[in-house]
Amino acid sequence: MKTVLSIVLIFVIVLPGLSDKPVPSVSAGLSATYNQHRSYTPLYPSVPLRVGLPLFLSSPVGFELFSTVKTDRSDHMFTLSVSFPAQITSDNGTGHNFILDTNNSSYWGTTLEYRYLRGLFDWGRASFYYGFTPAVLFERKTMTYLSGHRNRWTDLDLGIGAVVETRYPVHPRLYVNGSFAGVVFLPYISRRWYESVNEEGIVITSRHTPLVYRSVLEFYVQWERGYGHISAGYRRLHRMGVVFRDSPGFTIDNIIHGLLEREHELYIAYSIKIR
Amino acid sequence: MLRRQLYIVLIIASLLIPSGCGDLLMDINADNEWVVRSSGNIILHYRPARHRFVLPLTESAVETILENKNYYYNFIRDTLNIKFSDNILIYLYRYDEAFQKTDGRGRGVAIPGTLSYHWIYHGYPILHPDGREVYAGGAHEIVHVITHQALGGAGTIALSEGYAVALDGRSMNTEIYEGGRRYTTLIESMKEFYTNDSVLMPGYLIDNWEFTRSHYTNAGVFTMFLFETYGIETANRLFPVPRNRFRQNFLELTGTTFEAMEQQYLEYLDAVFGTENTD
């Protein structure tokens, strides 16, 4: 219930700019994404995160539905990203998988994100923007080991962060854009559920509390064409953080796991002006 | 033209600087320079001859490591009476390389979800209390991997470490003997704490864990007590219970209050380490 209320709070109460009037333009679009997902092996938070092997790899494809509302003073961007289930494999460092049954190991996730942007300043033809970005992330990772043992993590993370963006027109119809967003997923309203089915078929479940920082660095080119835009871009996503066994707390007697993930994503998008 | 290039450089810099913050905190090392040797369920990784952190490992040392680790793997599985057949990946590092990767804390680190552990190779074998000459520790880190996977993830550090110490049967300390260096036994180590009136009670271990020899030793003996008094099956069911529910679940699983168990534990220590058993 607390999680549901938090989603409502983030996406309703913190959208002050939507009351800006008039609304000069609204556009909506669809994109196709290809992602290279790497999940590393981190250590405890009290130890620097310096061990990377073995690592886990997946390459999910997906799509995004997005809408942009531009007012005189601000931009509002809503994005729903969905990645289809993709196989996970492991790499011991020399390219071999000694751990996972890849046919039964999968990763998929969905992200709902809002970005509120206001103009910061213009410098020559380049425009700088700043704003904030609440996000909800849901994902499920199933790792089935060669023995048949299965671990499954389901995450529902809610967070908020800051965003900066630049736009540079290299041609009246061609823009180069770049942005950076850093979002902190907050422990008191985020949850991780763990389910383990061991080789004897015994099911053990537990609930955990994550504290995760996610950064998204993005570059894309956008070409205006008639009533729409065609875009192609690259995103680099990093996630790092810790997952607490009980309630959140950096006490030494708490069981704490590290989390360290890096993604490279390519996408193409098409959007049309609705208004 | 120069002004336009300056703009572009500034724009890119303004994005790259904040995006690099994460890299200051994490330093991934996932290089591919490893020799991989396997036997049974153990996959051993160590640096090749051309590597700047190459290990002084002979072929017979590699064979001994694989043989020992398979022995401990089977011993743990059979002792805990559980099914477990996955591979375990071991990464051996020379001390100077390991110091960079693990900040020099401890000898090894297990990461159970990845079925792996990372170990600092000390350059010479150490005699284990079970009579084996070990190059990469005893059973300790393998216990972590197997128990966290098969029993559903540890709920408390006290039982996580307690299982590892109890099943390994050795202390964290080593000492010189006429044949080289050996690990002291868990019993020898606990006798010292018992004699010095430094016993840590189970409730204290669960609620106030610290990574000290005293905590490891006391947790190991407490786990031995659980095995002997309540049986392996019951202890295995306590393993994933988090500390905030430990006392309640202990009562439900054993029919004994936590306080009554602590009293039993003191009597157990007196029986094992008391004056009549000092030899």
Side-chain angles (χ1 to χ4, degrees), chain A residues 38 40-44 46-56 90-96 98-99 123-126 128 143 145-147 149 151 164 166 168 178-180 182 194 196 198-200 202 204-206 213 215 217 219 236 238 240 245-247 252-255 257 260 262, chain B residues 3-4 7-8 10-12 14-16 18-19 21-23 25-34 36 38 43 45 82-87 89 91 100-103 105 109 111 113-116 118 149-158 160 206-211 240 242-244:
Chain A
R38 287 178 162 229
Y40 293 89
T41 297
L43 300 181
Y44 306 100
S46 56
V47 177
L49 305 173
R50 288 180 182 170
V51 175
L53 295 171
L55 60 90
F56 297 92
S90 78
D91 180 351
N92 71 326
T94 61
H96 294 95
F98 292 112
I99 298 175
W123 194 357
R125 289 158 63 191
F128 287 75
M143 307 242 284
Y145 299 87
L146 294 174
S147 65
H149 178 118
N151 285 346
V164 290
T166 63
Y168 185 83
S179 70
F180 174 77
Y194 169 71
S196 169
N198 66 18
E199 290 182 46
E200 294 171 72
I202 297 169
I204 298 165
T205 59
S206 55
Y213 170 70
S215 69
L217 178 68
F219 295 101
R236 192 194 72 172
H238 283 181
M240 60 179 297
R245 175 66 177 86
D246 301 323
S247 53
I252 204 162
D253 50 354
N254 200 349
I255 293 270
H257 298 283
L260 189 53
R262 287 180 174 179
Chain B
R3 200 170 160 190
R4 180 182 293 177
Y7 286 152
I8 293 169
L10 285 171
I11 291 165
I12 293 170
S14 70
L15 297 175
L16 289 179
S19 76
C21 291
D23 291 331
L25 300 171
M26 54 187 179
D27 176 16
I28 299 300
N29 191 331
D31 60 73
N32 58 6
E33 291 183 82
W34 297 99
V36 182
S38 65
I43 317 284
H45 299 69
I82 53 176
K83 272 188 177 175
F84 186 84
S85 60
D86 275 310
N87 296 321
L89 279 60
Y91 292 85
Q100 293 175 9
K101 289 188 165 58
T102 65
D103 213 24
R105 200 188 77 180
V109 179
I111 304 158
T114 67
L115 297 174
S116 70
H118 301 255
Q149 280 289 92
L151 303 180
T156 58
I157 301 179
S160 174
I206 287 165
D207 295 331
N208 302 281
W209 182 262
E210 290 175 38
F211 291 95
R243 57 183 175 157
N244 57 358

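Hydrogens, waters and symmetry mates are skipped; everything else that's a heavy atom, side chains included, is used. A, B, ... follow the sequence lines: proteins, then strands. Residue 1 opens every chain.
In this structure a side-chain-to-backbone donor-acceptor pair under 3.5 Å is present from A/Tyr145 to B/Gly113.
Under the rule for a side-chain hydrogen bond (donor to acceptor under 3.5 Å, both in side chains), the partners of A/Thr94 that lie at least two apart in sequence or sit in another chain are A/Asn92, A/His96. In this structure A/Ser147 satisfies the side-chain hydrogen bond (donor to acceptor under 3.5 Å, both in side chains) test together with A/Glu199, B/Asp86, sequence neighbours excluded.
Looking at B/Leu151, the atoms closer than 4.5 Å to chain A (heavy atoms on both sides) all sit in the backbone: N, CA, C or O.
Here B/Asn87 contributes atom CG and A/Leu146 contributes atom CG; the two are 6.0 Å apart, rounded to the nearest 0.5 Å. Atom CG of A/Leu53 is separated from atom NE2 of B/His118 by 7.0 Å, given to the nearest 0.5 angstrom. Atoms CG and CZ, from B/Leu115 and A/Phe98 in turn, are 12.5 Å apart once rounded to the nearest 0.5 Å.
Counting only heavy atoms from C-beta outward, the side chains of A/Glu200 and B/Ile82 approach each other to under 4.5 Å.
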